[in-house]
Chemist: 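Mind looking over this structure? Questions follow.
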Amino acid sequence: GAWAIASCLSTLTLLEHLNLDANRIGMWGARVIASRLSKVLLTLDLSVNKLGDEGACFIAEAFAYNNVASCVDLSANGIGTEGITALCEALKCNDTLTMLSLASNSLGDDGATVLAEYLKTDQKITTLNLNACSIGDEGAKALAEALKTNTTITSLEMNNNVVDYEGSGALAQAFAQNSTVELLALSGNYVGALGASALGAAFKENTGLRSLQLNGNDIGNEGCIKLCEGLAARSKKISNLDVGNYSFGPDAGPALRDYL
């Protein structure tokens, strides 16, 4: 099937959006598709296709020579450090990609660190999805360092990873300096009360954040209070706040009410 699709890709003149998710394309299918990637395609969804690192390398090579596509979804493809390394190298030659989804890949801390190093100087990507990528504190700290210098990312999703206090504390320090990111999603991690308190303190200095997702982080009453205090110190309220699924008590309720 991938061979048949690839045979017509290079001749397309009108198709701008192509969704090939969950088609078991695999490494060899990725190779033939990459070799014929259309020059008019703006968005490409290759999620859930068992590409692996080798398939990701083929796709990466294609994007090194493609300066048209702006949105690529590579979610759930078994991509690890080798694949993300190849992708980052390729993106150094790409001028158009603004949205990248790597959700549900096994990047881990090593892969996140490789990506973070690239993001320090990237000036294209605005939307980055790293949900469920097995990123822990070390990966979060590396990404936090990148956010201190990156001025293009406006949406960062890191839901359902394994970020604890050290990682969330590092991200907090980054947000004291970064006012470009408008959406931060950290639901389903291990931020806890200390992490929420650190984020609250950092947000006093932040002017860019508009949406914060901390659902299911066990931030507790103290964490909720400190977070609300920090958000209340800002000149402008955020438009979306998710602190669900932690059973806040009578002390946190009034703090949340006063902020809202």
Side-chain angles (χ1 to χ4, degrees), residues 6 9-10 16-18 20 25 27 30-47 49 51-131 133-135 138-158 170-171 174 177-178 180-181:
L9 280 179
S10 60
E16 296 182 343
H17 310 284
L18 181 60
L20 294 173
I25 289 172
M27 175 190 70
R31 182 178 183 178
V32 295
I33 287 175
S35 67
R36 302 290 183 87
L37 200 59
S38 168
K39 298 297 184 181
V40 298
L41 208 59
L42 298 179
T43 65
L44 177 62
D45 187 343
L46 287 172
S47 59
N49 269 300
L51 303 185
D53 279 334
E54 291 183 271
C57 289
F58 289 128
I59 296 298
E61 184 177 358
F63 280 101
Y65 299 97
N66 182 301
N67 278 312
V68 177
S70 60
C71 176
V72 177
D73 191 340
L74 296 174
S75 301
N77 271 300
I79 299 172
T81 304
E82 181 184 349
I84 193 61
T85 299
L87 187 60
C88 289
E89 284 300 312
L91 289 179
K92 293 177 182 178
C93 303
N94 181 286
D95 296 324
T96 58
L97 191 68
T98 59
M99 182 277 177
L100 177 62
S101 178
L102 294 166
S104 300
N105 282 296
S106 51
L107 299 186
D109 286 339
D110 290 343
T113 300
V114 170
L115 178 60
E117 192 62 31
Y118 166 73
L119 292 174
K120 287 180 179 179
T121 55
D122 176 72
Q123 297 181 347
K124 303 177 296 292
I125 295 174
T126 61
T127 304
L128 182 61
N129 186 335
L130 298 175
N131 293 335
C133 284
S134 301
I135 298 172
E138 293 305 313
K141 286 192 283 188
L143 289 165
E145 284 300 310
L147 289 177
K148 292 178 180 179
T149 56
N150 182 284
T151 58
T152 55
I153 294 177
T154 58
S155 174
L156 176 61
E157 294 188 42
M158 294 177 61
L171 287 169
Q177 301 179 39
N178 180 303
T180 306
V181 177

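Since we're looking at a predicted model, the values are computed, not measured.
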Chemist: So, for Ala144 and Ala170, which heavy atoms are closest and what is the spacing to 0.1 Å?
Modeler: CB-O, 3.4 Å

Chemist: With sequence neighbours left out, what residues match Lys120 under side chain to side chain donor-acceptor pair (under 3.5 Å)?
Modeler: Glu117

Chemist: Flag yes if more than 12 heavy atoms outside Glu61 fall under 6.0 Å of its CD atom; otherwise flag no.
Modeler: no

Chemist: Would you sort out whether Thr180 and Asn150 count as a side-chain contact (heavy atoms from CB on, under 4.5 Å), showing the intermediate values?
Modeler: CA-CA 8 Å; Thr180 306; Asn150 182 284; 5.6 Å; no

Chemist: Decide side-chain contact (heavy atoms from CB on, under 4.5 Å) for Leu20 and Asp45; before the verdict, give the C-alpha distance in whole Å, the side-chain angles of both, and the deciding distance to 0.1 Å.
Modeler: CA-CA 6 Å; Leu20 294 173; Asp45 187 343; over 6 Å; no

Chemist: Please report the closest heavy-atom contact between Gly83 and Ala56, naming both atoms and the distance.
Modeler: CA-CB, 4.1 Å

Chemist: Only counting residues at least two apart or in another chain, list the ones meeting salt bridge (Lys or Arg N to Asp or Glu O under 4.0 Å) with Asp53.
Modeler: none

Chemist: Could you state the interatomic distance from CG (Leu119) to CG (Leu100), rounded to the nearest 0.5 Å?
Modeler: 9.0 Å

Chemist: By side-chain contact (heavy atoms from CB on, under 4.5 Å), which residues pair with Ala30, not counting sequence neighbours?
Modeler: Leu51, Ile59

Chemist: So how far is it from Ser101 OG to Leu74 CG, rounded to the nearest 0.5 Å?
Modeler: 8.0 Å

Chemist: To the nearest 0.5 Å, what is the distance between NE2 (His17) and OG1 (Thr43)?
Modeler: 5.0 Å

Chemist: Enter the distance from Leu44:CG to Asp73:CG here, rounded to the nearest 0.5 Å.
Modeler: 9.0 Å

Chemist: Ignoring hydrogens and geometry, is there a side-chain-to-backbone donor-acceptor pair from Asn178 to Leu147 under 3.5 Å?
Modeler: yes

Chemist: Using only atom types and a distance under 3.5 Å, with no angle test, would you say the side chain of Asn77 pairs donor to acceptor with the backbone of Leu46?
Modeler: yes

Chemist: If you measure from CD1 on Ile153 to CG on Leu143, what distance do you get to the nearest 0.5 Å?
Modeler: 8.0 Å

Chemist: Work out which heavy atom in Cys133 is nearest to a heavy atom in Ala103; give both atom names and the distance.
Modeler: SG-CA, 4.0 Å

Chemist: Under 3.5 Å, is there a donor-acceptor pair between the side chain of Thr126 and the main chain of Thr98?
Modeler: yes

Chemist: Run the salt bridge (Lys or Arg N to Asp or Glu O under 4.0 Å) test against Glu54 and tell me which residues pass, sequence neighbours left out.
Modeler: none

Chemist: In Å, rounded to the nearest 0.5 Å, how long is the span from OG of Ser70 to CD1 of Ile125?
Modeler: 11.5 Å

Chemist: Could you list the donor-acceptor pairs under 3.5 angstrom formed by side chains in residues 87-95, with sequence neighbours left out?
Modeler:
{"residue": "Glu89", "atom": "OE2", "partner": "Lys92", "partner atom": "NZ", "Å": "2.9"}
{"residue": "Asn94", "atom": "OD1", "partner": "Thr96", "partner atom": "N", "Å": "2.9"}
{"residue": "Asn94", "atom": "OD1", "partner": "Leu97", "partner atom": "N", "Å": "2.9"}
{"residue": "Asn94", "atom": "ND2", "partner": "Phe63", "partner atom": "O", "Å": "3.0"}
{"residue": "Asn94", "atom": "ND2", "partner": "Asn66", "partner atom": "O", "Å": "2.6"}

Chemist: Quick one: closest heavy-atom pair of Gly55 and Met27, and the distance?
Modeler: N-CG, 3.8 Å

Chemist: Taking all atoms of both residues into account, what is the closest heavy-atom pair of Leu171 and Ala140, and its distance?
Modeler: CD2-O, 4.0 Å

Chemist: Do you know the tightest heavy-atom contact between Asn105 and Ala76?
Modeler: ND2-N, 3.6 Å

Chemist: Taking only residues two or more places apart in sequence, or in another chain, which ones meet Asn129 in a side chain to side chain donor-acceptor pair (under 3.5 Å)?
Modeler: Asn131

